[in-house]
Amino acid sequence: MTTQEQVLDVARRARQAAAELAPLPRATKDAALHAIADALLARSAEIVEANAGDVARAREAGTSEYMIDRLSLSTERVEKIAAAVRHVASLPDPVGESVRGYTLPNGLELRQVRVPLGVVGIIYEGRPNVTVDAAALTLKSGNAVLLRGSSSAYDSNVALVEVMRSALTDLPADAVQLVPGRDRDSVKYLMRARGLVDVLIPRGGASLINSVVEESTVPVIETGVGNCHVYVDADADLGMAVDILVNAKTQRPSVCNAAETVLVHRDIAADFLPRALEALRGKGVTVHGDEAVRAYGDDVVPATEEDWSNEYLSLDLAAAVVGSLEDAVAHIRRYGSAHTEAIVTNSQSAARRFVALVDSAAVMVNASTRFTDGEEFGFGAEIGISTQKLHARGPMGLPELTSTKYVVTGEGHLRGA
């Protein structure tokens, strides 16, 4: 069993490392990131070997192939992870950036500048690539990171963290640490480490995120599940709509930015749905439809109330016919998770209205929901996709891993009454 003291010990070491990291120049941090990328490539065989054990145990436990896909590493995937680390190194350093600045009427010079958050704890499920993405982003932004992945990826994470720490010759190795233990207690102690850990970021399913948000005494940046929608408007290009829907659902169904529901305007349902159902059928997708959708396919499963709010993470898709754009928005507001929604339309007014009415972290116009991703947005990677409205929203890159402080410069200024 993991003890509280074990977890607090790594948190204390991380806090010291964060203090050492904060003032370091970009060149030092970038060199460390390139060293990490080199080490990942040089030791990819042992990383893949450690991962193979995790994958084998997951299969023995009956884990779905979609979740195993998220867990699995190959030499090619390790190469992509290393490339993502180098991309992060190439990005501008947010630390020290002036957010705003001006001279007050009394002559005081005021600047608001970006500073690291400090110690960032990441609690996540399954995907070992998050281990490296999180470390790269936190190091670049001057933060220390405490990584608590799921037990299903434990051996993979141990290997990855050991490789990264071995490469940190010019940075404190304790800037990257794995939280000890596989049991629930280690997570609980991390969530209670207020004063040592500055912020927690959970990545995973709804139960994990809700647990961290509800139980943590450490401030939490809430990342959300992805019940993402594609709305096919009355003025949509139907060929484009089919292509976007199929890509959004099937390109990688096990991730949070995959589409889970399609909403079709009734005026084009008769033309669109037969084409869409045939294309989805060809990709092995099971459609859960309302009565109007079922009229166009005998193999459409009757949709239940649960289907509308379900994050399937599989080749399943909920489908409904709606009477208007406003009806589509109402459905999204009722059942959506405020992650990503897409509209397919040739009408600029419809696109503008949809963007204005939908209250989600990302809204796509004539593009797949799969683009809501830190790497696709040019962030190099992401620490998570925030669906909250405080501090950060959407894919979280380097600027979202900073806070700010005010620097006020005077010439012997004294405040009067």
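Quick caveat: nothing in here was measured; it's all calculated off a predicted structure.
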Using distance only, find each side-chain donor-acceptor pair of residues 275-285 under 3.5 Å and give its atom names and separation, not counting sequence neighbours.
from, atom 1, to, atom 2, distance (Å)
Arg281, NE, Asp299, OD2, 2.6
Arg281, NH2, Asp299, OD1, 3.3

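Heavy atoms of other residues, nucleotides or ligands lying less than 6.0 angstrom from CD of Glu49 number 12 at most. Within a 6.0 Å radius of CD in Glu215, other residues, nucleotides and ligands contribute more than 12 heavy atoms. The neighbour count for Gln348 CD, taken as heavy atoms of other residues, nucleotides or ligands under 6.0 Å away, does not exceed 12. The local environment of CZ in Phe371 is sparse, with at most 12 non-hydrogen atoms from other residues, nucleotides or ligands closer than 6.0 Å. The number of heavy atoms from other shown groups lying within 6.0 Å of CZ (Arg353) does not exceed 12. Other residues, nucleotides and ligands contribute more than 12 heavy atoms inside 6.0 Å of the CZ atom of Arg12.
Ile47 contributes atom CD1, which lies 8.0 Å from atom CD1 of Ile81 (distance to the nearest 0.5 angstrom). Between atom CG of residue Asp373 and atom CD of residue Glu376 there is a gap of 5.5 Å, rounded to the nearest 0.5 Å. Note that OG of Ser152 is 7.0 Å distant from CG of Asp54, once rounded to the nearest 0.5 Å. Between Leu190 atom CG and Arg192 atom CZ the span is 10.5 Å, to the nearest 0.5 Å. Ile123 contributes atom CD1, which lies 12.0 Å from atom OG of Ser150 (distance to the nearest 0.5 angstrom). Arg252 CZ to Leu313 CG: the interatomic distance, rounded to the nearest 0.5 Å, is 11.0 Å.
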Check your understanding: Between Lys405 and Val113, does a side chain to side chain contact (heavy atoms under 4.5 Å, CB included) hold up when you go through it step by step?
Key -> CA-CA 6 Å; Lys405 68 180 175 185; Val113 298; 3.9 Å; yes

Practice item. Tell me, with the steps shown, if Arg370 and Val255 meet side chain to side chain contact (heavy atoms under 4.5 Å, CB included). Key: CA-CA 9 Å; Arg370 287 283 288 118; Val255 292; 3.7 Å; yes

Point to revise | Candidate pair Lys140 and Asp30, rule side chain to side chain contact (heavy atoms under 4.5 Å, CB included), full reasoning | key: CA-CA 7 Å; Lys140 175 80 176 198; Asp30 288 352; 2.7 Å; yes

**Study point:** Check against side chain to side chain contact (heavy atoms under 4.5 Å, CB included), Leu401 and Ile201
**Key:** CA-CA 10 Å; Leu401 287 170; Ile201 303 173; 4.2 Å; yes

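Listed by first and then second residue, the salt bridge (charged side-chain N to carboxylate O under 4.0 Å, His left out) pairs that reach into residues 76-90 are Asp38-Arg86, Asp69-Arg77, Glu76-Lys80, sequence neighbours excluded.
Residue Pro116 comes nearest to Gly142 through the heavy atom pair CB-O, 3.4 Å, listed as atom of the first residue, atom of the second, then distance. For the residue pair Ala37 and Ala82, the shortest heavy atom distance occurs at CB-O, 3.7 Å. Across Pro128 and Asn51, no two heavy atoms sit closer than the pair CG-ND2, 4.1 Å. Listed here is the closest heavy atom pair of Ala361 and Ser386: CB-O, 3.6 Å. Annotation for Val88 and Ala136: closest pair CG1-O, 3.8 Å, computed over non-hydrogen atoms. Nearest heavy atom pair, residue Thr28 against residue Asp170, reads CG2-O, 4.2 Å.
Remark: side-chain polar atoms of Arg70 are not paired, donor with acceptor, to backbone N or O of Glu125 under 3.5 angstrom. The backbone N or O of His288 sits nowhere less than 3.5 Å from a side-chain atom of Asp316 that would complete a donor-acceptor pair. Between the side chain of Ser360 and the main chain of Val363, no donor-acceptor pair closer than 3.5 Å is present. The closest donor-acceptor contact from the side chain of Thr369 to the backbone of Asn257 lies under 3.5 Å. Between the side chain of Arg111 and the main chain of Gly101, no donor-acceptor pair closer than 3.5 Å is present. Under the 3.5 Å distance criterion, the side-chain polar atoms of Glu311 are matched with a main-chain donor or acceptor of Gly226. Distance alone, capped at 3.5 Å, places no donor-acceptor pair between the Asn366 side chain and the Asn346 backbone. Under a 3.5 Å cut-off, the side chain of Arg194 and the backbone N or O of Thr217 do form a donor-acceptor pair. Asn143 places a side-chain N or O within donor-acceptor distance of the main-chain N or O of Leu117, the cut-off being under 3.5 Å. Within the 3.5 Å criterion, the main-chain N or O of Leu325 finds no donor-acceptor partner in the side chain of Asp233.
Considering only heavy atoms from C-beta on, Arg203 stays 4.5 Å or farther from Leu208 through its side chain. When side chains are defined from C-beta on, Leu108 does not count as touching Arg415, because their heavy atoms never get closer than 4.5 Å. Taking 4.5 Å as the limit, every side-chain heavy atom of Phe379 sits out of range of all side-chain heavy atoms of His87. Within the 4.5 Å cutoff, the side chain of Val212 has heavy atoms near those of the Met191 side chain. Tyr231 has its side chain within reach of Val322: a pair of non-hydrogen atoms, C-beta onward, lies under 4.5 Å apart. Using a 4.5 Å heavy-atom cutoff, the side chains of Ser211 and Arg184 are in contact. Counting heavy atoms from C-beta outward, Asp307 and Tyr312 have side chains that approach closer than 4.5 Å. Taking 4.5 Å as the limit, some side-chain heavy atom of Arg165 sits within range of a side-chain heavy atom of Gln177.
Ring geometry for Trp308 against His331 counts as perpendicular: the plane angle is over 60°, on a 0 to 90° scale with 30° as the lower cut.
Judged purely by distance below 3.5 Å, without hydrogens or angles, the side chains of Thr131 and Asn157 pair a donor atom with an acceptor atom. For the residue pair Thr372 / Thr340, a side-chain donor-acceptor distance below 3.5 Å is found, with atom types taken as modelled. For the residue pair Ser337 and Asn227, no side-chain donor N or O sits within less than 3.5 Å of a side-chain acceptor on the partner.
Salt-bridge annotation for Arg26 and Asp93: absent, with no side-chain N of the basic residue lying under 4.0 Å from a carboxylate O of the acidic one. Taking the charged nitrogens against the carboxylate oxygens, Arg182 and Asp155 do have a contact shorter than 4.0 Å, which makes a salt bridge. With respect to Arg393 and Glu400, no salt bridge is recorded, no charged nitrogen being found less than 4.0 Å from a carboxylate O. A salt bridge is absent between Glu382 and Arg127; no separation between the charged side-chain nitrogens and carboxylate oxygens falls under 4.0 Å.
Not a single side chain to side chain donor-acceptor pair (under 3.5 Å) links Tyr189 to another residue, sequence neighbours left out.
Considering Leu33, Ile36, Val176, Leu21 in turn, Leu21 is the only one that fulfils the side chain to side chain contact (heavy atoms under 4.5 Å, CB included) rule with Leu171.
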